[in-house]
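What follows is a single structure, written as structure tokens, with notes after it.
All values below were derived from every heavy atom in this structure, side-chain atoms included, with hydrogens, water molecules and symmetry-related copies excluded.
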Amino acid sequence: MSIEEFIANEVKSNDVVLFMKGTPQFPQCGFSGQVVQILDHLGVGYKGLNVLESAELRNGIKTFSNWPTIPQLYVKGEFVGGCDIVREMFQAGELQQLLSEKGRRGCGLIRDPADAPDWWRGVRGHYR
């Protein structure tokens, strides 16, 4: 599977995906940490993929989105943006509206992998 196929699969098969530096439990940059704080504040479950684990993933996500920076947030297959856009949308109430329109409120997602169905447990990544 190519990196493009891997990324496309992650974006399609997870309602909310954050490509970030570090993990949701331990962000490795301030920008990734800000997006984690916003999502956690909203109670949104999401999958975090650590781009520091693979240069191929780090470069591949930038090509996939045609966006030069990390973190990158995807909701229901749609690229939302990086830290500045996510923060501005949150402050304006637009992120909450987007998540609501897409049917993604905190209670609507699996927050703990132990609660996930069997097919979900094998997916690589960090869940919050």
Side-chain angles (χ1 to χ4, degrees):
M1 175 183 298
S2 72
I3 194 65
E4 293 82 12
E5 291 170 327
F6 173 80
I7 292 168
N9 183 60
E10 291 298 319
V11 168
K12 287 180 197 168
S13 59
N14 294 284
D15 288 339
V16 182
V17 182
L18 179 62
F19 291 86
M20 62 181 293
K21 293 179 180 176
T23 66
Q25 295 79 15
F26 189 66
Q28 301 258 329
C29 86
F31 299 114
S32 292
Q34 286 181 42
V35 177
V36 164
Q37 286 180 343
I38 289 168
L39 294 174
D40 287 352
H41 176 77
L42 294 175
V44 174
Y46 58 95
K47 182 174 184 180
L49 289 166
N50 183 0
V51 301
L52 297 178
E53 291 179 350
S54 163
E56 190 176 16
L57 178 59
R58 186 169 51 255
N59 294 323
I61 190 60
K62 293 175 185 181
T63 301
F64 182 82
S65 63
N66 196 29
W67 191 260
T69 59
I70 306 293
Q72 294 185 15
L73 181 65
Y74 291 79
V75 175
K76 295 287 247 179
E78 178 183 325
F79 177 55
V80 176
C83 179
D84 291 343
I85 291 171
V86 170
R87 185 178 58 243
E88 289 170 12
M89 287 179 71
F90 169 70
Q91 291 170 341
E94 295 169 0
L95 183 60
Q96 298 87 317
Q97 181 179 354
L98 173 69
L99 291 165
S100 179
E101 288 171 359
K102 299 283 186 179
R104 298 295 85 185
R105 295 173 209 183
C107 61
L109 292 173
I110 298 167
R111 292 180 56 87
D112 183 347
D115 297 333
D118 290 338
W119 61 265
W120 188 315
R121 289 193 184 112
V123 176
R124 185 179 138 199
H126 303 274
Y127 296 89
R128 188 73 171 230

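When atom types are taken as modelled, the side chain of Glu4 and the backbone of Gly60 share no donor-acceptor pair closer than 3.5 angstrom. Looking only at distances, a side-chain donor or acceptor of Ser32 sits under 3.5 Å from a matching main-chain atom of Lys21.
Listed by chain and residue number, nothing satisfies the salt bridge (charged side-chain N to carboxylate O under 4.0 Å, His left out) test with Glu5 (two or more places apart in sequence, or in another chain). With sequence neighbours left out, the ring-ring contact (aromatic ring centres under 6.0 Å, His included) criterion links Phe90 to His41.
Side chains of Tyr46 and Asn14 form no contact here, defined as non-hydrogen atoms less than 4.5 Å apart. Residues Leu49 and Lys47 are in side-chain contact: their nearest non-hydrogen atoms beyond the backbone lie under 4.5 Å apart.
For the atom pair Ile3 CD1 and Ser54 OG, the distance stands at 5.0 Å (nearest 0.5 Å). Here Ile70 contributes atom CD1 and Gln28 contributes atom CD; the two are 14.0 Å apart, rounded to the nearest 0.5 Å. If you take NZ on Lys12 and NZ on Lys76, they are separated by 14.5 Å, rounding to the nearest 0.5 Å.
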For residues 81-89, which side-chain N or O atoms pair as donor and acceptor with protein atoms under 3.5 Å away, sequence neighbours left out?
from	atom 1	to	atom 2	distance (Å)
Asp84	OD1	Arg87	NH2	2.8
Arg87	NH1	Gln34	OE1	2.6

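The neighbour count for Glu56 CD, taken as heavy atoms of other residues, nucleotides or ligands under 6.0 Å away, does not exceed 12.
Between the side chains of Tyr74 and Asp15, no donor-acceptor pair of N or O atoms lies under 3.5 Å.
Leu52 is not connected to Leu73 by any chain of hydrophobic side-chain contacts under 4.5 Å among Ile, Leu, Val, Met, Phe, Trp and Tyr, and they are in different clusters. When hydrophobic clusters are built by joining Ile, Leu, Val, Met, Phe, Trp and Tyr residues whose side-chain heavy atoms come closer than 4.5 Å, directly or via intermediates, Phe31 is not grouped with Ile61. Leu18 is connected to Leu98 through a chain of hydrophobic side-chain contacts under 4.5 Å among Ile, Leu, Val, Met, Phe, Trp and Tyr, so both are in one cluster.
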- request: Go through the steps to decide whether Trp67 and Lys62 satisfy the test side-chain contact (heavy atoms from CB on, under 4.5 Å), and finish with yes or no.
  value: CA-CA 5 Å; Trp67 191 260; Lys62 293 175 185 181; over 6 Å; no

field: salt bridge (charged side-chain N to carboxylate O under 4.0 Å, His left out) between Arg58 and Glu53, intermediate numbers included
entry: CA-CA 8 Å; Arg58 186 169 51 255; Glu53 291 179 350; over 6 Å; no

message: Does Met20 form a side-chain contact (heavy atoms from CB on, under 4.5 Å) with Asn50? I'd like the steps, not just the answer.
response: CA-CA 5 Å; Met20 62 181 293; Asn50 183 0; 5.6 Å; no

task: Report the C-alpha separation of Phe19 and Val11 in whole Å, then their side-chain angles, then the decisive distance to 0.1 Å, and conclude whether the side-chain contact (heavy atoms from CB on, under 4.5 Å) test is met.
output: CA-CA 10 Å; Phe19 291 86; Val11 168; 4.0 Å; yes

